[in-house]
Amino acid sequence: QVQLVESGGGLVQAGGSLRLSCVASGRTISTSTMNWFRQAPGKEREFVAARRFIGDMTYDDSAKGRFTIYVDNAKNTLYLQMNSLKPEDTAVYYCAAPRLLLAAVSTRPENMEYWGKGTLVTVSS
């Protein structure tokens, strides 16, 4: 029943910014644990950021200080604001949610129940 649709990816030069959006249906994301993952070509899908149902945030070290995860309650939308982008940030970015809306944060993709189809972010040098 939960559907997630990402948008906002594109081509940006190193040092630039993008804001990714994830519109959710079937779940109220402001009171749910939500996640961003990414997958670069030839690489494993990896954790980027999570917002726990109580509002606290967790970031991978690669994203810490540059990325911000937040929600818009009225739009039921999850965002990932990405600043100071680097070429190594190039990947398909996925919005994901665990089966339990009150779940603890997990950095494991296999613990996610629902996925969007992804949005491609390409950062050029």
Side-chain angles (χ1 to χ4, degrees):
Q1 288 293 112
V2 177
Q3 294 183 335
L4 307 171
V5 180
E6 305 98 333
S7 63
L11 175 64
V12 64
Q13 291 185 340
S17 299
L18 285 173
R19 188 181 72 169
L20 306 183
S21 300
C22 173
V23 179
S25 61
R27 179 169 291 182
T28 301
I29 64 171
S30 63
T31 54
S32 306
T33 296
M34 297 292 296
N35 302 263
W36 287 98
F37 288 80
R38 66 187 179 189
Q39 188 167 19
K43 299 293 184 67
E44 297 289 325
R45 191 165 298 186
E46 64 182 16
F47 173 80
V48 178
R51 180 186 181 277
R52 198 157 60 130
F53 66 95
I54 58 173
D56 59 312
M57 297 165 285
T58 303
Y59 299 95
D60 182 75
D61 286 343
S62 67
K64 195 173 300 180
R66 300 188 297 125
F67 294 4
T68 303
I69 186 171
Y70 65 99
V71 300
D72 185 322
N73 294 349
K75 297 180 179 179
N76 202 37
T77 299
L78 179 75
Y79 296 96
L80 184 68
Q81 178 67 46
M82 305 187 296
N83 299 324
S84 302
L85 284 163
K86 305 174 182 179
E88 50 263 44
D89 294 319
T90 296
V92 176
Y93 283 71
Y94 298 91
C95 178
R99 182 177 67 84
L100 300 177
L101 58 84
L102 303 182
V105 171
S106 175
T107 62
R108 299 179 178 181
E110 57 266 32
N111 288 339
M112 301 296 109
E113 180 73 14
Y114 307 103
W115 294 89
K117 293 183 178 180
T119 185
L120 176 63
V121 172
T122 303
V123 184
S124 62
S125 299

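By the 4.5 Å heavy-atom criterion applied to side chains, Tyr70 and Arg19 are counted as neighbours. Looking at heavy atoms from C-beta onward, Pro109 lies out of side-chain contact with Tyr94 at the 4.5 angstrom threshold. With a 4.5 Å cut-off on side-chain heavy atoms, Met34 and Pro98 do not count as touching.
Arg66 and Asp89 are joined by a salt bridge, as a carboxylate oxygen and a charged side-chain nitrogen come within less than 4.0 angstrom of each other. Checked for salt-bridge contact, Lys64 and Asp61 meet the test: a charged N lies under 4.0 Å from a carboxylate O.
Of the options Ile29, Leu20, Leu78, a side chain to side chain contact (heavy atoms under 4.5 Å, CB included) to Cys95 is made by Leu78 and by none of the others.
Residues Val92 and Tyr79 fall into different hydrophobic clusters, defined by Ile, Leu, Val, Met, Phe, Trp and Tyr side chains chained together at heavy-atom separations under 4.5 Å. By the rule that hydrophobic residues join a cluster once side-chain heavy atoms approach within less than 4.5 Å of another member, Met82 and Leu120 end up as members of separate clusters.
For the pair Arg27 and Tyr114, the cation does not sit on the ring face, since its NZ or CZ is not both under 6.0 Å from the ring centre and inside 45° of the axis. Seen from the ring of Trp115, Arg45 counts as a face-on cation partner, given the 6.0 Å and 45° thresholds.
With hydrogens and angles ignored, the 3.5 Å screen pairs no side-chain donor or acceptor of Asn73 with any backbone N or O of Ser30. Between the side chain of Glu6 and the backbone N or O of Lys117, at least one donor-acceptor pair lies under 3.5 Å. A donor-acceptor contact shorter than 3.5 Å links the side chain of Thr119 to the backbone of Gly9. Arg52 contributes no side-chain N or O that, together with a main-chain N or O of Thr33, makes up a donor-acceptor pair within less than 3.5 Å. With hydrogens and angles disregarded, no donor-acceptor distance shorter than 3.5 Å links the side chain of Thr122 to the backbone of Thr90.
If you take CD1 on Ile69 and CG on Asn35, they are separated by 6.5 Å, rounding to the nearest 0.5 Å. Rounding to the nearest 0.5 Å places OG of Ser21 at 9.5 Å from CD of Gln81. Note that CG of Leu85 and OG of Ser17 are 6.0 Å apart. Values are rounded to the nearest 0.5 Å. Separating the CG atom in Leu100 from the OG atom in Ser32 is a distance of 10.5 Å, to the nearest 0.5 Å.
For CD of Gln1, the number of neighbouring non-hydrogen atoms (other residues, nucleotides, ligands) closer than 6.0 Å is 12 at most. Residue Glu113 qualifies as enclosed at atom CD: its count of foreign heavy atoms under 6.0 Å is above 12. The 12-atom threshold is exceeded at CD of Glu46, counting heavy atoms of other residues, nucleotides or ligands nearer than 6.0 Å. No more than 12 heavy atoms of other residues, nucleotides or ligands sit less than 6.0 Å from atom CD of Glu44.
Residue pairs meeting the ring pair (Phe, Tyr, Trp, His ring centres under 6.0 Å) criterion with at least one member in residues 47-69, sequence neighbours excluded: Phe37-Phe47.
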(Q) Let's go through Ser62 and Arg38 carefully: what are the C-alpha distance in whole Å and the side-chain angles of both, what is the deciding distance for side chain to side chain donor-acceptor pair (under 3.5 Å) to 0.1 Å, and is it a yes or a no? (A) CA-CA 12 Å; Ser62 67; Arg38 66 187 179 189; 3.1 Å; yes
Q: Could you check Thr77 against Asp72 for side chain to side chain donor-acceptor pair (under 3.5 Å), going step by step and ending with a plain yes or no?
A: CA-CA 5 Å; Thr77 299; Asp72 185 322; over 6 Å; no
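For Met112 against Ser106, the heavy-atom pair with the smallest separation is CE-O, 4.1 Å. Scanning all heavy atoms of the two residues, the minimum distance from Ala40 to Ala91 falls at N-CB, 3.7 Å. Across Leu80 and Ala49, no two heavy atoms sit closer than the pair CD1-CB, 4.1 Å. Considering every non-hydrogen atom in both Leu4 and Ala24, the closest pair reads CD2-CB, 3.6 Å.
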